[in-house]
Undergrad: 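My questions all concern the structure below.
Nothing fancy with the numbering, it's 1 onward along the sequence. Any value given below was found using the heavy atoms of this structure, including those in side chains, with hydrogens, waters and symmetry copies removed.
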Amino acid sequence: MVCKSCGKYIPDDSNECPICGTNSPKEKVVNVKKQSEFKICPECGYKNSYKEFYCKSCNCNLNEKMPTEKNKKFLIPFIIVIVLAVLAVGKIVESVQTHKSYQNDILAVEKHYQTTASSKTTTQQTTTTAYEWKLNTNSTGKDWNSVNDTEKDVWCSNSIAAWRLMGYDIPSGVSVSHMHKTLDYFYQNEDCVDVDLTTASESYAIANGVY
């Protein structure tokens with residue numbers, strides 16, 4: 001039975017409502033049909049008889065929250081939408097992080113150049129004539145910007161090969177395409193177009209952990 005005064009479930013044989021104390025059960029308390037075959041515990045999910053006031057599994061008060069099977073069906077689409085939204089946000093964040101990674105590489109190259117350009121030494125032997133094509137150790141950003149992508153890839157490939165021959169381990173993040181893109185961004189800066197290609201390549205190697 002349900003008390004008309006407070007709306008709580010009470011035993012069928014009660015003479016008064018134990019919740020609100022209504023003392024006229026014949027007027028205030030009426031029989032109702034089962035709204036659900038079970039009372040599902042909101043805490044542990046245990047299916048209790050609809051007559052139960054407390055969960056037989058965890059002793060939770062079933063009259064405060066009483067989700068039904070029908071309510072659970074409505075929750076499933078809502079959960080799916082939330083999951084899809086989280087996945088979409090994850091893709092956006094991943095894309096932004098990738099873009100920032102390239103920007104960080106460019107900043108690292110520029111920073112290294114600014115701190116080492118005035119003190120170049122004989123260690124600037126990253127590439128040799130054996131690994132040069134049209135671009136050479138005297139080339140600058142102006143030369144880099146004037147050649148096609150194939151020639152840039154040849155320079156990057158030869159540089160990485162030279163580092164290997166010199167005994168350096170090449171990190172997994174270092175590749176022809178990655179070096180190509182980083183130098184492209186570096187030489188887009190008007191303040192860097194006069195930097196020679198050897199220095200820029202060495203800066204890339206240091207910034208990316210080659211040596």
Undergrad: Using a 3.5 Å distance criterion without hydrogens, assess whether the side chain of S159 forms a donor-acceptor pair with backbone atoms of W155.
TA: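 Yes, because the side chain of S159 sits within donor-acceptor range (under 3.5 Å) of the backbone of W155.
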
Undergrad: State plainly whether the residues D169 and R164 are in salt-bridge range, i.e. N to O under 4.0 Å.
TA: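 No, D169 and R164 are not salt-bridged.
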
Undergrad: Is the Lys NZ or Arg CZ of K39 less than 6.0 Å from the centre of Y54's six-membered ring, within 45° of the axis?
TA: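 Verdict for Y54: no cation-pi partner in K39.
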
Undergrad: At their closest point, which heavy atom of F186 faces which heavy atom of C192, and how far apart are they?
TA: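 Residues F186 and C192, closest heavy atoms: O-CB, 3.5 Å.
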
Undergrad: Grab the two heavy atoms, one from G209 and one from P171, that are nearest each other, plus how far apart they are.
TA: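 Scanning both residues completely, I find the closest heavy atoms to be O-CG, 3.6 Å.
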
Undergrad: Please report the C-alpha distance between Y211 and M166 in whole Å, then the side-chain angles of each, then the deciding distance to 0.1 Å, and finally whether the side-chain contact (heavy atoms from CB on, under 4.5 Å) criterion is met.
TA: CA-CA 10 Å; Y211 58 87; M166 293 168 68; over 6 Å; no

Undergrad: Do D153 and T150 pass the side chain to side chain donor-acceptor pair (under 3.5 Å) test, and can you show the C-alpha distance, the side-chain angles, and the key distance before you say yes or no?
TA: CA-CA 5 Å; D153 285 343; T150 301; 5.8 Å; no

Undergrad: Just how far is it from atom OG of S175 to atom CD1 of I160, taken to the nearest 0.5 Å?
TA: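 S175 atom OG to I160 atom CD1 measures 6.5 Å (nearest 0.5 Å).
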
Undergrad: Just by distance, no angles: are the side chains of D143 and S146 close enough, under 3.5 Å, to form a donor-acceptor pair?
TA: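 No, no side-chain donor-acceptor contact under 3.5 Å.
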
Undergrad: May I ask whether V174 and V176 are part of the same hydrophobic cluster, defined by side-chain heavy atoms of I, L, V, M, F, W, Y residues being less than 4.5 angstrom apart, directly or through others?
TA: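 Cluster IDs for V174 and V176 match.
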
Undergrad: Hey, could you give me the CG/CD distance between N59 and E43, rounded to the nearest 0.5 Å?
TA: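 The distance works out to 11.5 Å.
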
Undergrad: Among the clusters formed by ILVMFWY side chains lying less than 4.5 Å apart, do V81 and V89 turn up in the same one?
TA: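 They do not share one cluster, since no chain of ILVMFWY contacts under 4.5 Å joins V81 to V89.
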
Undergrad: Are H178 and N208 close enough, and set up right, to give a side-chain contact (heavy atoms from CB on, under 4.5 Å), and what steps lead you there?
TA: CA-CA 10 Å; H178 184 264; N208 287 275; 3.6 Å; yes

Undergrad: Take C55 and C44 through the side-chain contact (heavy atoms from CB on, under 4.5 Å) test and state the conclusion after the steps.
TA: CA-CA 9 Å; C55 176; C44 67; 3.7 Å; yes

Undergrad: Decide whether I206 and Y204 are clustered together by the hydrophobic rule: side chain heavy atoms of Ile, Leu, Val, Met, Phe, Trp, Tyr closer than 4.5 Å, transitively.
TA: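 I206 clusters together with Y204.
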
Undergrad: Which pair of non-hydrogen atoms, one from W144 and one from H180, has the smallest distance, and what is that distance?
TA: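 Reported closest heavy-atom pair: CZ2-O, 4.0 Å.
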
Undergrad: What's the shortest heavy-atom distance between L183 and C156, and which atoms?
TA: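 In this case the closest contact between L183 and C156 is CD1-SG, 4.4 Å.
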
Undergrad: Keeping Y187 on the side-chain end and D194 on the backbone end, is there a donor-acceptor pair under 3.5 Å?
TA: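 Flag not set: sc Y187 to bb D194 has no pair under 3.5 Å.
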
Undergrad: Considering only heavy atoms from C-beta outward, does the side chain of I170 approach that of V210 to under 4.5 Å?
TA: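 A side-chain contact exists here, since the closest heavy-atom pair is under 4.5 Å.
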
Undergrad: I'd like to know if the side chain of N48 and the backbone of K56 have a donor-acceptor N/O pair within less than 3.5 Å.
TA: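 The answer is yes, because a donor-acceptor pair under 3.5 Å joins these two groups.
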
Undergrad: Within the distance-only criterion (no hydrogens, no angle test), does the side chain of S201 pair as donor or acceptor with the backbone N or O of L197 below 3.5 angstrom?
TA: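 Side chain of S201 to backbone of L197: a pair is present.
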
Undergrad: Of T137, L135, T140, which meets side chain to side chain contact (heavy atoms under 4.5 Å, CB included) against T198?
TA: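 Considering T137, L135, T140, a side chain to side chain contact (heavy atoms under 4.5 Å, CB included) with T198 is found only for T137.
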
